[in-house]
Amino acid sequence: MVAEQEKLTLHNESRQGEAFAGSTTDNQLFTKKFYIESYGCAMNFSDSEIVASILNEHGFGSTKIVEEANLILLNTCSIREKAEATIRKRLTEFKKIKKANPGTVVGVLGCMAERLKASLLEQEKLVDLVVGPDAYRTLPALIEETNGGHKAVNVLLSREETYADISPVRLNSNGINAFVSIMRGCNNMCSFCVVPFTRGRERSRDNVSIVQECQQLFNDGYREVTLLGQNVDSYYYTHPTTNQSVNFAQLLEQVAQIAPGLRVRFSTSHPKDITDDVLFTMRKYNNICKYIHLPVQSGSTRVLQLMNRTYTREWYMKKVERIYEIMPECSISADIIAGFCTETEEDHADTLSIMQSSRYDYSYMFYYSERPGTLAAKRYTDDVPLETKKRRLAEIIEVQNKLSQESNKRDIGKIFEVLIEGDSKRSSEQWAGRTSQNKVMVFDKANFTASKGSYVLVKAINYTQGTIMGEMVEVLNY
Ligand code: 5AD
Ligand code: SF4
């Protein structure tokens with residue numbers, strides 16, 4: 001399971017409504033204020049930082065206090081029904097604020113924008129502004145349009161937009177970890193997934209601007225970047241004038257070469273696209289973290305076919321074996337869906353067994369929720385009863401808990417390189433940081449002179465469900 005006790009920076013799905021603000025000194029320069037809450041995947045959180053940058057340029061500073069905002073934004077997620085329900089509830093709560101301050105503009109950004117623009121604007125009258133993920137540059141003009149109570153909408157998807165030239169304003173940052181968006185959209189058309197419809201076609205960002213952003217982050221004291229995309233392994237950028245192309249393995253290498261003290265992570269990988277080239281590049285550089293998020297979705301070949309995942313159970317298992325062969329110390333996590341259309345008990349047993357054979361360190365686990373407009377909604381019947389979905393999900397979670405425990409147990413006695421991300425939640429006498437394998441470690445500061453952003457060697461002594469307790473051995477010099 002995802003580390004609950006010491007949640008540092010979460011690199012995946014399911015973050016819920018975090019309000020973001022920049023630094024107060026910056027904010028004193030602004031007369032108008034915006035408040036933004038982000039939901040869903042890391043890409044949405046990264047997009048909120050692009051939105052903040054665009055708004056700063058147009059005179060809006062950020063605030064964490066929703067009541068003092070002139071502009072309230074929700075960066076939304078559509079991936080499951082529950083995510084949408086949460087956002088509707090939040091919008092209803094904003095109604096009260098709008099009543100007290102009638103001039104306040106409420107906007108919906110992100111994946112719900114395209115899907116629900118009509119109902120959000122007209123039926124429910126909850127929002128003034130609806131802006132899709134490729135239209136954030138038009139936000140300032142759209143805000144203007146809302147003057148005098150008008151509604152403003154732009155949900156157009158683009159084949160080119162990558163926001164490459166916009167320097168994100170780091171929101172609520174710990175100054176150590178940052179997300180860097182490298183591509184947008186998805187061409188995969190997994191039958192259960194709404195993302196290709198809400199975020200459009202794949203397009204890759206200029207590698208030079210990515211490397212520049214990472215270099216700047218390093219200069220500013222950041223020590224870890226996570227390269228983000230719905231499908232990072234299909235990153236492919238062709239320079240328009242030189243015609244030279246860069247693939248994901250090459251990009252990874254370019255970022256890794258910035259400095260040995262800058263860790264590189266990436267997410268998400270589609271199993272069909274992660275190549276040996278990427279795996280060997282990971283092995284070659286100590287600062288490329290030995291951790292791969294490799295969503296399996298199901299362990300049954302029949303279900304995988306219905307899901308349009310384009311691999312079989314055996315093919316996926318070979319990929320996992322290949323990863324362990326090239327990097328025995330690599331950790332792997334997965335996304336898993338319980339109760340997809342027509343899933344039988346036998347299919348479900350296949351999912352439990354592929355989890356065992358893959359030895360996932362942790363997983364993000366969901367039960368299937370039909371999304372309007374997807375291939376599955378059009379072609380298949382959502383025929384697994386909710387109770388069965390929930391029971392199967394509980395069994396998946398139980399297996400994962402055991403696997404995570406076993407993984408933690410295997411770590412005991414080993415020494416890990418940890419990047420310190422701050423004080424532990426429980427005590428200012430302890431540091432918390434993560435291993436290359438993305439596990440959270442907590443350890444006494446003891447008599448070592450380390451600080452936030454230091455790399456240290458830590459021996460694993462004990463563990464709780466989401467955290468490994470350790471003992472610092474040495475402070476590293478890079
Ligand atoms: N129902 C349940 N889970 C879903 N995911 C995507 N679409 C759905 C859906 N309709 C999960 C997948 C994906 C993760 C980001 O969310 O596991 O990898
Ligand atoms: Fe959705 Fe599949 Fe694309 Fe991931 S790879 S965003 S699950 S369509």
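One-based numbering, in listed order, for ligands and for the atoms of each.
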List the closest protein heavy-atom neighbour of [atom]: residue, atom name, distance to the nearest 0.1 Å.
atom: atom 3 (Fe) of ligand 2; answer: Cys186 SG, 2.2 Å
atom: atom 2 (Fe) of ligand 2; answer: Cys190 SG, 2.4 Å
atom: atom 5 (S) of ligand 2; answer: Asn188 ND2, 3.4 Å
atom: atom 1 (Fe) of ligand 2; answer: Cys193 SG, 2.2 Å

N-O pairing of [X] and [Y] below 4.0 Å:
X: Arg184; Y: Glu161; value: no
X: Lys409; Y: Glu406; value: no
X: Lys402; Y: Glu398; value: yes

Using a strict cut-off of 4.0 Å, indicate which atoms of ligand 1 neighbour a heavy atom of [X].
X: Gln297; value: 12 (C), 13 (C), 17 (O), 18 (O)
X: Arg80; value: 1 (N), 2 (C), 3 (N), 4 (C), 5 (N), 11 (C), 16 (O)
X: Phe366; value: 3 (N), 11 (C), 14 (C), 16 (O), 17 (O)
X: Ile337; value: 3 (N), 4 (C), 5 (N), 12 (C), 17 (O)

* side chain to side chain contact (heavy atoms under 4.5 Å, CB included) between Ser173 and Tyr222, worked out -> CA-CA 10 Å; Ser173 160; Tyr222 286 81; 2.9 Å; yes

* To do: Please confirm whether the backbone N or O of Ala42 pairs with a side-chain atom of Ser46, one donor and one acceptor, at under 3.5 Å?
  =>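 Looks like no, no N/O pair under 3.5 Å.
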
* So, does Asp206 use its side chain to make a donor-acceptor pair with the main chain of Val208 at under 3.5 Å? ->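 Indeed, once roles are kept as given, a pair shorter than 3.5 Å links the two residues.
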
* Is the closest heavy-atom distance from Arg199 to ligand 2 below 4.0 Å? ->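 It does not; every heavy atom stays at 4.0 Å or beyond.
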
If the cut-off is 4.0 Å to any non-hydrogen atom of [X], which atoms of ligand 2 fall inside it?
X: Val195; value: 6 (S)
X: Pro196; value: 8 (S)
X: Phe192; value: 7 (S)
X: Gln230; value: 6 (S)

* Asked: Is Tyr368 close to ligand 1, meaning an N/O of one under 3.5 Å from an N/O of the other?
  ->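 No.
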
* Is any N or O atom of Arg371, backbone or side chain, closer than 3.5 Å to an N or O atom of ligand 1? ->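 No; the residue has no nitrogen or oxygen that sits under 3.5 Å from a nitrogen or oxygen of the ligand.
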
* Asked: What do we get for Glu370 next to ligand 1 when only non-hydrogen atoms under 4.0 Å count, side chain, backbone, both or neither?
  ->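 No part of Glu370 is near ligand 1 at this cut-off.
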
* Would you kindly specify which portion of Ile79 sits under 4.0 Å from ligand 1, judged on non-hydrogen atoms: side chain, backbone, both or neither? =>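 Both backbone and side chain.
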
* Asked: Using a heavy-atom cut-off of under 4.0 Å, does the side chain or the backbone of Arg309 touch ligand 2, or both, or neither?
  ->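 Only the side chain of Arg309 comes within reach of ligand 2.
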
* Do the rings of Phe192 and Phe340 sit parallel, tilted or perpendicular, given the 30° and 60° boundaries? ->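 Perpendicular.
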
* Would the number of heavy atoms belonging to other residues, nucleotides or ligands and lying under 6.0 Å from CD of Glu81 be above 12? ->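 Open.
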
* **2.8 Å cut-off met by an N, O or S atom of His270 to atom 2 (Fe) of ligand 2** =>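 So His270 does not count as coordinating atom 2 (Fe) of ligand 2.
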
* Counting heavy atoms only, which of Phe192, Phe340, Tyr367 comes nearest to atom 2 (C) of ligand 1? ->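 Of the listed residues, Tyr367 has the closest heavy atom.
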
* For residues Arg359 and Tyr324, report the shortest heavy-atom separation together with the two atoms involved. =>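 So the minimum-distance heavy-atom pair works out to NH2-CD1, 3.2 Å.
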
* **side chain to side chain contact (heavy atoms under 4.5 Å, CB included) involving Cys341 - partner list, sequence neighbours excluded** =>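 Testing Cys341 for side chain to side chain contact (heavy atoms under 4.5 Å, CB included), a comparison that skips the adjacent residues, returns Tyr368, Tyr380, Asp383.
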
* Set of residues satisfying side chain to side chain contact (heavy atoms under 4.5 Å, CB included) with respect to Asn207, sequence neighbours excluded ->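 Listed in chain order: Tyr235, Tyr237, Val246, Leu251, Gln254.
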
* Where do Glu253 and Lys284 land on the salt bridge (Lys or Arg N to Asp or Glu O under 4.0 Å) test, with the steps shown first? -> CA-CA 9 Å; Glu253 179 151 43; Lys284 187 169 161 196; 2.8 Å; yes

